[in-house]
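To start, the structure itself, in structure tokens.
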Amino acid sequence: MGVATFLLVVPASLTAASAVPVAVNSRVSDDYARVRRTDGSFAPEYYAFGEGGCWSSTQRDESIEKLKFMDIARTIAGPLAAQNYLSTRSASETKLLIMVYWGTTDGSKNSTASAAYQNMVNSQTAAAGATQPPSGAPPGAWGNSLTARALSSSVSNGGGIGAESQAAGIPDSVLDIFLMVERTQLHTDVRNALMLGFADEMIAYEPLQSTAARWRRADLYEEIETNRYFVVLQAYDFHLLQTQKKHKLVWEVRYSIPESGNGFSEQLAAMTQAAARYFGQPSQGLQRQQLPSTGIKFGEFKVIEYAPEK
């Protein structure tokens with residue numbers, strides 16, 4: 001008996017799958033404003049890239065380790081060009097030096113041993129202001145030293161476990177351990193909040209811990225205490241840097257996504273595209289943009305050919 005043969009085809013199409021929120025926070029100097037052309041578009045501004053450095057996590061991650069600075073710069077250059085920030089090698093027409101920092105926050109461990117972290121601490125403990133020079137590691141935002149002190153004071157004065165534990169009769173030796181862990185976690189939370197651009201929102205949500213809206217604070221802390229891939233772009237006045245050796249920060253943008261379920265090398269272009277609208281523009285606080293991912297949707301099986309029995 002012969003065998004009937006069917007050739008089936010399954011039509012497939014790319015479709016938007018679940019979206020990942022990209023957290024974006026940008027700041028702009030008071031004396032910086034982009035020039036618009038008659039058609040409403042921004043006039044071109046020319047820049048040169050500077051390598052800021054990578055803030056690595058305590059765990060190995062091939063998706064971020066395999067990327068070099070030039071790989072990241074080439075990826076970011078496209079969304080910058082879409083906002084009419086154009087790369088140039090001519091010093092005379094370069095207006096901005098854009099420092100690029102990238103890495104992964106460690107939400108659960110206090111990675112104070114890394115050189116990148118130590119450099120960041122140095123930049124944050126320096127006097128606040130937009131004229132601080134960039135360090136070899138992800139730098140702090142405007143006023144980070146002040147923000148860090150406000151965060152530490154705000155969170156520490158929130159009560160914590162101390163009074164409750166003493167009232168419950170927990171021995172002092174055990175209480176000391178709990179307090180040490182609490183301070184360590186606070187240190188990590190503050191560090192990550194400053195790096196990711198979550199600091200202002202962290203301060204604003206802190207009073208909610210004793211209210212019915214404390215879930216909003218809990219959601220924010222969950223984000224902060226989750227490992228996140230991040231990019232920080234800081235644009236400095238190139239002419240002022242070249243002629244007077246002064247580091248004037250013109251604008252900065254910080255954007256990040258959760259590490260879980262993502263790969264830095266795979267998502268860098270998409271997360272940068274989501275943040276691009278805030279390049280050189282103030283975000284007015286922490287914003288969350290949707291990062292669409294692609295998936296394959298299979299259609300119905302269809303018979304396109306039939307081979308009769310022989």
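Counting from 1, the numbers follow the sequence of the chain as shown.
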Quick one: [atom1] on [X] to [atom2] on [Y], what's the gap to the nearest 0.5 Å?
{"X": "E223", "Y": "T226", "atom1": "CD", "atom2": "OG1", "answer": "7.5 Å"}
{"X": "L241", "Y": "K246", "atom1": "CG", "atom2": "NZ", "answer": "12.0 Å"}
{"X": "T104", "Y": "N192", "atom1": "OG1", "atom2": "CG", "answer": "11.0 Å"}
{"X": "L97", "Y": "L240", "atom1": "CG", "atom2": "CG", "answer": "12.0 Å"}
{"X": "R216", "Y": "T211", "atom1": "CZ", "atom2": "OG1", "answer": "8.5 Å"}
{"X": "S92", "Y": "Q242", "atom1": "OG", "atom2": "CD", "answer": "9.0 Å"}

Using a cut-off of 6.0 Å, state whether more than 12 heavy atoms not belonging to [X] lie near its atom [atom1].
{"X": "E266", "atom1": "CD", "value": "yes"}
{"X": "R37", "atom1": "CZ", "value": "yes"}
{"X": "E222", "atom1": "CD", "value": "no"}
{"X": "D30", "atom1": "CG", "value": "no"}

hydrophobic_cluster_shared for [Y] and [X], side chain cutoff 4.5 Å:
{"X": "F42", "Y": "I76", "answer": "no"}
{"X": "L67", "Y": "I98", "answer": "yes"}
{"X": "M70", "Y": "W102", "answer": "yes"}
{"X": "Y32", "Y": "Y278", "answer": "yes"}
{"X": "F69", "Y": "L96", "answer": "yes"}

Query raised in the report: Is it true that F264 and Y229 have ring centroids separated by less than 6.0 Å?
Result: yes

Please give me the minimum heavy-atom distance between [X] and [Y], naming the atom from each residue.
{"X": "L194", "Y": "A199", "value": "CD2-CB, 3.8 Å"}
{"X": "F49", "Y": "A73", "value": "CE1-O, 3.4 Å"}
{"X": "S256", "Y": "F198", "value": "OG-CE1, 4.3 Å"}
{"X": "L86", "Y": "P44", "value": "CD1-CB, 3.8 Å"}
{"X": "F238", "Y": "A91", "value": "CE2-O, 3.7 Å"}
{"X": "T88", "Y": "E93", "value": "OG1-OE2, 2.5 Å"}

Side chain of [X], backbone of [Y]: donor and acceptor closer than 3.5 Å?
{"X": "S283", "Y": "S26", "answer": "yes"}
{"X": "T105", "Y": "R228", "answer": "yes"}
{"X": "S265", "Y": "I64", "answer": "no"}
{"X": "R27", "Y": "Q281", "answer": "no"}

Is there a side-chain contact between [X] and [Y] (heavy atoms, below 4.5 Å)?
{"X": "V253", "Y": "V24", "answer": "yes"}
{"X": "K68", "Y": "D71", "answer": "yes"}
{"X": "D106", "Y": "T188", "answer": "no"}
{"X": "Y221", "Y": "M202", "answer": "yes"}
{"X": "V22", "Y": "Q290", "answer": "no"}
{"X": "Q244", "Y": "H239", "answer": "no"}

[X] bridged to [Y] by N-O distance under 4.0 Å:
{"X": "D31", "Y": "K248", "answer": "yes"}
{"X": "K66", "Y": "D61", "answer": "no"}
{"X": "E201", "Y": "R288", "answer": "yes"}
{"X": "R254", "Y": "E252", "answer": "yes"}

Query raised in the report: Taking only residues two or more places apart in sequence, or in another chain, which ones meet R214 in a side-chain hydrogen bond (donor to acceptor under 3.5 Å, both in side chains)?
Result: none

Report task. Just do the side chain to side chain contact (heavy atoms under 4.5 Å, CB included) check on Q287 and N25 with the steps written out, would you? Result -> CA-CA 6 Å; Q287 304 295 331; N25 198 340; over 6 Å; no

Query raised in the report: Step by step, would you call S87 with Y46 a side chain to side chain contact (heavy atoms under 4.5 Å, CB included)?
Result: CA-CA 6 Å; S87 177; Y46 295 94; over 6 Å; no

**Report entry** Audit row: Q289, M271, side chain to side chain contact (heavy atoms under 4.5 Å, CB included) steps and yes/no
**Finding:** CA-CA 9 Å; Q289 304 293 317; M271 61 188 287; over 6 Å; no

Query raised in the report: Strictly by modelled atom types, are E51 and Y101 linked by a side-chain donor-acceptor pair under 3.5 Å?
Result: no

**Report entry** Any donor-acceptor N or O pair under 3.5 Å, side chains T272, Y255
**Finding:** yes

Query raised in the report: Aromatic rings Y236 and H247: how do their planes relate, parallel, tilted or perpendicular, breaks at 30° and 60°?
Result: perpendicular

